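A note on names: the letters A, B, ... follow the listed sequences, proteins ahead of strands, and every chain is numbered from 1. Note that the coordinates shown come from a computational prediction; the quantities given were computed from them, not determined experimentally.
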2 protein chains.
Amino acid sequence: MSQNKKNQFNDDQIKLSRFAKALSHPARIAIIEHLAKVNSCICGEIVEIMPLAQSTVSQHLKELKDAGIITGEISGPKICYCINRETIYDMEKLLKELLSVINKENSDKKGCC
Amino acid sequence: MSQNKKNQFNDDQIKLSRFAKALSHPARIAIIEHLAKVNSCICGEIVEIMPLAQSTVSQHLKELKDAGIITGEISGPKICYCINRETIYDMEKLLKELLSVINKENSDKKGCC
DNA sequence: GACTTTAATCGTATATTTACGATAATGGAT
DNA sequence: ATCCATTATCGTAAATATACGATTAAAGTC
């Protein structure tokens with residue numbers, strides 16, 4: 001209950017939480033998986049394979065784009081989406097760091113759990 | 001959600017999105033990191049290191065507990081929290097699967113991006 | 001130009017999340 | 001039994017997320 005509580009969260013914690021938020025809806029996971037599977041830019045058929053309205057899918061795409069996880073390029077009247085692998089790499093790095101902290105001292109854990 | 005369409009997605013997508021949601025707030029990442037760092041059950045001091053009210057921290061702890069990421073054992077008037085490593089393992093597995101799908105065919109990617 | 005297709009955005013409704021202070025519940029100590 | 005320390009829960013308010021249909025904007029085609 002002291003001034004310590006003014007401590008803000010650090011950059012990595014904020015970054016990782018943003019990535020996690022981007023993945024926090026099954027539709028967005030499905031979109032990422034689909035983009036990865038077709039392994040090329042796909043355009044409108046994301047809406048086809050999703051049980052959601054076009055506008056809703058567009059919102060999810062925007063969130064993924066805002067998080068940097070996908071990119072969208074104009075290609076005629078369509079938009080060409082694909083995964084931004086640099087961002088995925090950043091996310092992977094942060095995730096690995098977190099998991100390594102969690103899994104590190106498995107051997108000499110004390111505690112009561 | 002006004003309409004629940006989450007049942008249209010597969011189990012792994014839903015599971016992973018739940019884990020991601022659990023990590024989608026910096027406070028919860030900070031809690032996990034702290035629990036991992038001390039590598040033992042800790043009790044009340046989580047509130048001390050967080051810039052949040054006790055009731056808010058308690059809510060975040062509840063969310064992590066509901067996601068299965070941490071466990072809380074009663075230990076006198078205090079509660080003893082620690083990381084549930086089995087759940088972490090499950091999460092790690094799902095994340096690895098997703099990342100492997102994303103990173104798989106890097107070589108022969110076609111597309112325009 | 002008018003028409004079509006595609007995707008974003010607007011407007012809106014509802015649900016959920018996040019936060020806080022206040023209160024309750026638990027168990028140890030006095 | 002009374003008090004204290006700890007943590008959960010309640011009540012509530014504000015912000016964000018999710019979803020849809022309707023509309024708009026952009027670009028290609030006629």
Side-chain angles (χ1 to χ4, degrees), chain A residues 1-2 5-9 13-14 17-31 34-35 41-67 69-82 112-113, chain B residues 1-9 13-14 17-31 34-35 41-67 69-82 112-113:
Chain A
M1 310 284 184
S2 59
K5 296 181 83 174
K6 304 295 177 300
N7 285 352
Q8 201 39 280
F9 299 107
Q13 287 164 344
I14 292 168
S17 71
R18 288 219 184 100
F19 286 136
K21 179 162 280 181
L23 301 184
S24 73
H25 194 290
R28 294 196 284 272
I29 303 226
I31 290 170
H34 185 73
L35 285 174
C41 295
I42 69 140
C43 307
E45 81 264 20
I46 302 177
V47 176
E48 308 286 314
I49 61 153
M50 302 284 291
L52 296 168
Q54 180 264 325
S55 57
T56 306
V57 172
S58 197
Q59 264 187 105
H60 283 306
L61 288 167
K62 184 175 169 5
E63 276 171 80
L64 288 171
K65 217 160 84 180
D66 288 348
I69 288 175
I70 64 173
T71 57
E73 288 178 12
I74 294 167
S75 152
K78 309 178 180 182
I79 301 275
C80 181
Y81 282 111
C82 51
C112 49
C113 303
Chain B
M1 244 182 315
S2 51
Q3 273 142 322
N4 192 351
K5 294 205 164 182
K6 287 196 175 167
N7 50 334
Q8 316 254 19
F9 300 104
Q13 287 165 343
I14 293 168
S17 71
R18 290 218 185 100
F19 285 137
K21 178 160 279 180
L23 301 184
S24 73
H25 193 291
R28 294 196 284 272
I29 305 229
I31 290 171
H34 185 73
L35 285 174
C41 294
I42 70 140
C43 307
E45 82 266 16
I46 302 178
V47 176
E48 307 287 313
I49 60 153
M50 303 282 290
L52 297 169
Q54 179 264 325
S55 56
T56 306
V57 173
S58 197
Q59 263 185 109
H60 283 306
L61 288 166
K62 183 175 173 0
E63 276 172 79
L64 288 171
K65 216 159 86 178
D66 289 347
I69 288 174
I70 63 173
T71 56
E73 290 179 10
I74 295 166
S75 152
K78 307 179 180 182
I79 301 278
C80 181
Y81 282 112
C82 50
C112 49
C113 303

Novice: In whole angstrom, what separates D66(B)'s CG from dT16(C)'s C1'?
Specialist: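 Taking CG of D66(B) and C1' of dT16(C), I get 14 Å after rounding.
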Novice: Looking at the side chain of K78(B), which of dT18(D), dA19(C), dT6(D) is the nearest nucleotide?
Specialist: dT6(D)
Novice: How close or far is atom P of dC20(D) from atom NZ of K62(A), stated in whole angstroms?
Specialist: 19 Å
Novice: Could you report the tightest heavy-atom contact between F19(A) and A67(A), atom names first, then the distance?
Specialist: CE2-O, 3.7 Å
Novice: Provide the closest heavy-atom pair for A27(B) versus L52(B) in the form atom of the first, atom of the second, distance.
Specialist: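 The pair with the smallest heavy-atom distance is CB-CD1, 3.8 Å.
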Novice: Picking from dG21(D), dA19(D), dA19(C), which would you name as closest to the side chain of T56(B)?
Specialist: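 For T56(B), the side-chain atoms sit closest to dA19(C).
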Novice: Picking from dG21(D), dT18(D), dT7(D), which would you name as closest to the side chain of K21(B)?
Specialist: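 It is dT18(D).
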Novice: Whole angstrom is fine here: how far is it from CD in E73(A) over to C1' in dA7(C)?
Specialist: 16 Å
Novice: Ignoring hydrogens and angles, answer whether the base of dA17(D) and the side-chain atoms of E63(A) contain a donor-acceptor pair closer than 3.5 Å.
Specialist: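 There is none.
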Novice: From dT9(D), dA8(C), dC20(C), pick the nucleotide closest to the side chain of S58(B)?
Specialist: dT9(D)
Novice: Checking contacts here: which listed nucleotide (dC20(D), dA7(C), dT9(D)) is nearest the side-chain heavy atoms of S55(B)?
Specialist: dT9(D)
Novice: To the nearest angstrom, how far is H25(B) atom NE2 from dA15(D) atom C1'?
Specialist: 12 Å
Novice: Grab the OH-P distance between Y81(A) and dA7(C) for me, whole Å please.
Specialist: 8 Å
Novice: Which nucleotide sits closest to the side chain of H60(B): dA19(C), dT18(D), dC20(D)?
Specialist: dA19(C)
Novice: Taking CD1 from I31(A) and P from dA19(D), how many angstroms apart are they, rounded to a whole number?
Specialist: 10 Å
Novice: Take Q54(A) and R28(A), find for each the nucleotide of DNA chain D with the closest heavy atom, and name the residue whose nucleotide sits nearer the 5' end.
Specialist: R28(A)
Novice: By nearest atom, which of the nucleotides dA8(C), dC20(D), dA8(D) is closest to the I79(B) side chain?
Specialist: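 The listed nucleotide nearest to I79(B)'s side chain is dA8(D).
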Novice: How are the rings of H25(A) and H60(A) set relative to one another: parallel (under 30°), tilted (30 to 60°) or perpendicular (over 60°)?
Specialist: tilted
Novice: What heavy-atom pair brings Y81(B) and I70(B) nearest, and what distance separates the two atoms?
Specialist: CD2-CD1, 3.7 Å
Novice: Looking at Q59(B) and dA8(D), is any side-chain donor or acceptor paired with a base atom of the opposite kind under 3.5 Å?
Specialist: no
Novice: What's the CG-P distance between L23(A) and dT18(D), to the nearest Å?
Specialist: 12 Å
Novice: Got a sec, which residues hit salt bridge (charged side-chain N to carboxylate O under 4.0 Å, His left out) with K62(A), two or more places apart in sequence or on another chain?
Specialist: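 Salt bridge (charged side-chain N to carboxylate O under 4.0 Å, His left out) check on K62(A) returns D66(A).
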Novice: How close or far is atom P of dT7(D) from atom CD1 of I70(B), stated in whole angstroms?
Specialist: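 So the CD1-P distance, I70(B) to dT7(D), works out to 12 Å.
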